[in-house]
Amino acid sequence: MHVLILGGITEARRLAELLAADPVPGLRVTNSLAGRVAAPRLPPGEVRVGGFGGADGLAAWLREHEVDALIDATHPFAARISFNAARAAATAHVPLLALRRPGWVPVAGDDWREADSLEEAARLLPGVGRRVFLTTGRMGLAAFADLTGLWFLVRSVDAPEPPLPPRMEVLLDRGPFTLDGERELLRRHRIDVVVTKDSGGAATAPKLQAAREAGVPVVVVRRPPVPEGVRIVAEPEQALRWLATRPSFPAAG
């Protein structure tokens, strides 16, 4: 059995680790990374980096490499990849499972302003704060490039490229982040508004608690829609159990 994992989130690496921890004879696992991070943390097993050339290219790859199961564990905001995966799986007649960690949910004390896109988040900002902690990654910063009256602290794994906000400081860092660290960051930079995508997970969630404690509003970009008809699980262990039920899974035969 050949399993292709489209990676991008922590749970994808965890699934690869689970599969590698107890090797099953006859099971081949390929991890695919988009290549948007210069030095990604590689999961165990075979790794390929780069795109497939859209849905048709992915479908051809699935056929050529005789993939028996496809797991979409890409970032919740990698909408194009997820839709391409759904189309490719249907074309190549390969079972597809989506691994999606749950989104964040506001709790008492949160001051969230929700937006459907980075562009909408940028339009909201002038009425919310002046010193912005921008945690949406290095992609899409062009949406904020015209906000000349605001100051931005931009945190990303790799250095962002223009167009960028004219008044900004870049903080190169990679999660997981600690609550104490996020508290200090908000205090030291006098942050009065946080911008984040609803990525979910624990690695970057401390910023939400730090903002809550400090009374700082958070502009939250909602997740894009997911392809219809695709089964979704929240935990790597659930994905592992799904694989074990496939007829071609070596342990099942």
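Because the structure is a prediction, the values reported are computed rather than measured.
The pair E237-R241 fails the salt-bridge criterion, with no side-chain N (NZ, NE, NH1 or NH2) lying under 4.0 Å from an Asp/Glu carboxylate O. Using a 4.0 Å cut-off between charged side-chain N and carboxylate O, R212 and D110 make a salt bridge.
The closest side-chain heavy-atom distance from V128 to R113 is below 4.5 Å. Proximity of V132 to L147: side-chain heavy atoms (C-beta onward) are nowhere separated by under 4.5 Å. Residues P43 and E17 are not in side-chain contact: their nearest non-hydrogen atoms beyond the backbone lie 4.5 Å or more apart. Contact check for V216 versus F133: no side-chain heavy atoms found under the 4.5 Å cut-off. T148 has its side chain within reach of P166: a pair of non-hydrogen atoms, C-beta onward, lies under 4.5 Å apart. Under the 4.5 Å side-chain criterion, counting only non-hydrogen atoms from C-beta, E114 is not in contact with E120.
Looking at R101, its side chain never comes within 3.5 Å of a backbone N or O of E235 through a donor-acceptor pair. With W104 contributing its side chain and G201 its backbone, the two residues share a donor-acceptor pair below 3.5 Å. No donor-acceptor pair under 3.5 Å is formed between the side chain of R222 and the backbone N or O of D198. A distance-only check finds no donor-acceptor pair linking the side chain of T74 to the backbone of G7 [under 3.5 Å].
To the nearest 0.5 Å, atoms CG (L96) and CZ (R231) are separated by 11.5 Å. For the atom pair OG1 of T178 and CD of E184, the computed distance is 10.0 Å after rounding to the nearest 0.5 Å. Atoms CG and CG, from L42 and L33 in turn, are 6.5 Å apart once rounded to the nearest 0.5 Å. From L4, atom CG reaches atom CG of N31 across 8.5 Å, with rounding to the nearest 0.5 Å. Between the NE2 atom in H65 and the CZ atom in R63 there is a gap of 12.5 Å [rounded to 0.5 Å]. Between the NE2 atom in H189 and the CZ atom in R131 there is a gap of 8.5 Å [rounded to 0.5 Å].
Under the 4.5 Å side-chain heavy-atom criterion for ILVMFWY residues, a single connected hydrophobic cluster contains both L118 and F77. Note on V219 and V194: separate hydrophobic clusters, where clusters join Ile, Leu, Val, Met, Phe, Trp and Tyr whose side-chain heavy atoms are under 4.5 Å apart, directly or indirectly. The cluster map of Ile, Leu, Val, Met, Phe, Trp and Tyr, joined by side-chain heavy atoms under 4.5 Å apart, puts L125 and W151 in different clusters. A single hydrophobic cluster is seen to contain both V233 and L15, as judged by linkage of ILVMFWY side chains at heavy-atom distances under 4.5 Å, directly or through other members. Residues V218 and V221 do not share a hydrophobic cluster, clusters being chains of Ile/Leu/Val/Met/Phe/Trp/Tyr side chains in contact below 4.5 Å.
Of the N and O atoms on the side chains of T204 and R155, not one donor lies less than 3.5 Å from an acceptor on the other residue.
Within 6.0 Å of the CZ atom in R188, the count of heavy atoms belonging to other residues, nucleotides or ligands exceeds 12. Within 6.0 Å of CG on D173 lie more than 12 heavy atoms contributed by other residues, nucleotides or ligands.
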Inset, instruction - Please assess D72 against R100 for the test side chain to side chain contact (heavy atoms under 4.5 Å, CB included), listing each intermediate value before the final yes or no. - result: CA-CA 8 Å; D72 174 15; R100 290 282 183 273; 2.8 Å; yes
Inset, instruction - Go through the steps to decide whether I191 and R130 satisfy the test side chain to side chain contact (heavy atoms under 4.5 Å, CB included), and finish with yes or no. - result: CA-CA 8 Å; I191 298 298; R130 311 299 295 178; over 6 Å; no
Inset, instruction - Go through F52 and N84 one step at a time and tell me if the side chain to side chain contact (heavy atoms under 4.5 Å, CB included) criterion holds. - result: CA-CA 10 Å; F52 292 91; N84 284 345; over 6 Å; no
Inset, instruction - Determine, step by step, whether V170 and F152 satisfy the side chain to side chain contact (heavy atoms under 4.5 Å, CB included) criterion, reporting the C-alpha distance in whole Å, the side-chain angles of both residues, the deciding distance to 0.1 Å, and the verdict. - result: CA-CA 8 Å; V170 176; F152 291 85; over 6 Å; no
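Nearest heavy atom pair, residue L243 against residue A69, reads CD2-CB, 3.8 Å. Closest approach of A159 to R138, counting heavy atoms only: O-CD, 3.8 Å. Here the closest non-hydrogen pair linking F249 and M1 is CA-SD, 3.4 Å. Taking both residues in full, the closest heavy atoms of G50 and S32 are given as O-OG, 4.1 Å, listed atom of the first, atom of the second, then distance. Between A203 and P206, the shortest heavy-atom distance links the atoms O-CD, 4.0 Å. The minimum heavy-atom distance linking L18 with P236 is given by the pair CD1-CB, 4.0 Å.
Cation-pi check for R48 over W61 is met; the charged atom lies under 6.0 angstrom from the ring centroid and within 45 degrees of its normal.
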